[in-house]
Each structure stands twice: as C-alpha cells, then as structure tokens.
Amino acid sequence: MKYIKSFIRFIIWNIWLFRVKTKSKKMIKDPDQIVSRFGSILFDTIKRRLNIEDKIWVDNIEALRKDLSKDKSEVIITDFGAGDSKSNRSDSEMHIGQVGRSTIAEISTASKSPFWSLLLYKIISEFKPKTALELGTCLGISSSYQAAALTIYSSGKLLTMEGSSSLVEKSRENFTYLGLLNIEVIEGRFSDNLHKVLDDNQPIDYVFIDGHHDQNATINYFEIILPYLSEQSIIIFDDISWSKGMKTAWKRIVGNHNTKLNFDLKEIGVCFLDKQRLKKRTIKI
Ligand SMILES: C[S@@+](CC[C@H](N)C(=O)[O-])C[C@H]1O[C@@H](n2cnc3c(N)ncnc32)[C@H](O)[C@@H]1O
C-alpha cells in the first residue's frame, strides 16, 4: 500500500512538473516583465540550471539535509503551529504550544523539498531583495537556500523566526556549519515578536511564511506584515492547499487589493505587490 501511494504521488508530481514546464515556456513570452521573469525562474528550477557558485551552495545545503535525515538524536520541541491538516487546534492550544519529543531525522521531513527550496533561491537571485523575512525556521534548510541567494545576489540579510528553542539552537549550528553569516534567528512565537522585527527592519522586500498554517493566523500575519513591505515586494505562502482553512486564507490574500500579481503553484502561493501596477492578475499553474 505504501509503495502504491508513493507511486501515485510520483505520477501526480511528474504530471504537475510537465504542466509547469509547458506553462512556464508560455509565461516567458508574456509581455508583462514580471510574468516573463517568473516563467524563466520556474523553467530554470525544473531544469535545475545553476552556475558554479549556485551549485556549490546547493550541494552543501543538500549534503547537510542528508546528514540531518539520518540523525537519530532526540530533541524536545514546542510546536506553536496548527499541527497537521486535520488537527483543528484551538487558538489557545496553539498559543500554549504542544510539547513533544522527536528525532532530528523526523523533523527534517518538514523542510521544503529541494525543488521548492531551489525555487525560493531562484526568486531571490532574480529579484534581489535586501531584507528578507521567514516565518518558520525549523532546522534551517529553506533559510539556508534563501540566505545563500541573498549573500551572492543582493548582499541582503535574512531574518528568520522560530518558536521552538531546540530548533533555534540546531538551526544556528547549521548556519555556522554552512558559513552563512547573514541570518538572524528570532526565537519565540511569531505573534510575540513579529511587530518588533518589522519595526526594527522595515521596509521588508521579501517574506516567506512557512509555519502556523491556520486560516486566521495566516491572514493575520499577512495583514500585520503588509504596511511594512517595500513598494515592490514579494510575499510567499507555503501550503496554500493544505487544508480548507489555508485554501480560504489564500483566496482572501489573492483578493486583497495590495496583491497585484499572484502565482498559484498549488503547494505555494507567490504574490507580487506593486503600488504602481494597475491591474490585478492571478496565474494558476
Ligand atoms: C514547516 S516548518 C518550517 C520549515 C522550514 N521553512 C524549511 O523549509 O526548512 C514550520 C516551523 O514553524 C515553527 N512554528 C509554527 N508555528 C509557529 C508560531 N506560531 N510561532 C513560532 N514558530 C512557529 C515550527 O516550530 C516549525 O519549526
């Protein structure tokens, strides 16, 4: 049964990749510069087009991911998130957090896959934000991809937020190991620290929200972050199809007048904000 499920997942993923490849080729020819550039990013991510410097970073991060996936050491984690898609945790349960024990190997499965991590890397390489913010550090895999691209392409910095102390410690070790100096990890609940992080670092050019996948929490973080974003900024949401609540949150975000150009990639949603842009457009892939 397990193998049949993996096989079906493999087929669905490959059909989706084929669709993205076809669609990205069309997008490259689009008269809208952002659509065209985003099409190239998608195409290059599928083709895994990397220069030598990119490849060194990606290989190092993937080697670290491999080590983490074999690490059976146990840590205590406090999860302030929504649990799994059927958990239905209440606001107070999420605020208090769920304390549990897990191995590093198990935790590492929550990291964005090499494909999605590379897509984040490519977005940063292309649009060159100076100040980037991530909600949800975990072991620091997606942070490392984003911070590496910021180092090479924009001399920018990444602020990344994580609620679980053991993961904060572990991610800091990983950043030191990789030699990434442009990352600041902010420890604590998003809701406790977000305002101060935004106040101290505005304007923010790029945001990746990959934690606390709850409908109201996601909309709330989006609304808190909005006034701190620079004129032309990017905000990315993970797991937009993960639950009914996340689908509703994504609909609300796409419907907001500030998100002018949106790409629905089924798993993640990418929004471009630009006050000068008159027409709204959403491209579903
Ligand atoms: C899916 S993982 C992040 C994975 C990471 N972005 C990657 O791809 O490598 C989500 C993380 O967000 C953290 N988190 C969830 N809700 C939170 C909250 N309300 N405050 C602080 N941290 C939270 C969890 O502890 C978890 O480590």
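Counting convention: from 1, in listed order, for ligands and their atoms alike.
- Remark: ligand 1 and Phe208 share no N or O pair separated by less than 3.5 Å (distance only, no angle test).
- Residue contact check: Arg189 has heavy atoms under 4.0 Å from atoms 20 (N), 21 (C) of ligand 1.
- Counting only heavy atoms of the protein, atom 7 (C) of ligand 1 lies nearest to Ser142 OG, 3.1 Å.
- Between Tyr206 and Phe127, the distance separating the two ring centers is not shorter than 6.0 angstrom.
- Looking from atom 26 (C) of ligand 1 to the surrounding protein, the closest heavy atom is Glu162 OE1, 3.5 Å.
- Counted within 6.0 Å of NZ on Lys196, heavy atoms from surrounding residues, nucleotides or ligands total 12 or fewer; the atom is thus considered open.
- Of the N or O atoms in Leu167, none lie within a sub-3.5 Å distance of an N or O in ligand 1.
- Distance from atom 4 (C) of ligand 1 to its nearest protein heavy atom, with residue and atom name: Asp210 OD2, 3.2 Å.
- Between Phe115 and Trp16, the ring planes are perpendicular. Angles over 60° get that label, and only those under 30° would be called parallel.
- For the pair Lys112 and ligand 1, the shortest N or O to N or O distance falls below 3.5 Å.
- For atom 22 (N) of ligand 1, the nearest protein heavy atom (residue, atom name, distance) is Gly163 N, 3.0 Å.
- Those atoms of ligand 1 with a heavy atom of Ala110 less than 4.0 angstrom away are 1 (C), 4 (C).
- Ion pair Glu169/Arg172 not flagged as a salt bridge, since none of the NZ, NE, NH1 or NH2 atoms sits closer than 4.0 Å to an Asp/Glu carboxylate oxygen.
- With salt bridges taken as basic N to acidic carboxylate O contacts below 4.0 Å, none links Lys112 and Asp210.
- With hydrogens and angles disregarded, a donor-acceptor distance shorter than 3.5 Å links the side chain of Lys260 to the backbone of Asp274.
- Annotation: Gly136 places an N or O atom under 3.5 Å from an N or O atom of ligand 1; distance criterion only.
- For Gln98, the side chain to side chain donor-acceptor pair (under 3.5 Å) criterion is met by no residue, not counting sequence neighbours.
- Near Gly81, meaning under 4.0 Å from one of its heavy atoms, ligand 1 places the atoms 15 (C), 16 (N).
- Contacts between Glu134 and ligand 1 below 4.0 angstrom, taking non-hydrogen atoms only, involve the side chain exclusively.
- When hydrogens are left out, the protein atom nearest atom 15 (C) of ligand 1 is His212 N, 3.5 Å; that is the closest non-hydrogen contact.
- Checking only distances, Phe190 does come within under 3.5 Å of ligand 1, N or O to N or O.
- Side-chain contact, Glu162 with Ser171: no donor N or O sits under 3.5 Å from an acceptor N or O.
- Side chains of Thr259 and Lys280: a donor on one and an acceptor on the other come within 3.5 Å.
- Residue Thr78 has no N or O atom closer than 3.5 Å to an N or O atom of ligand 1.
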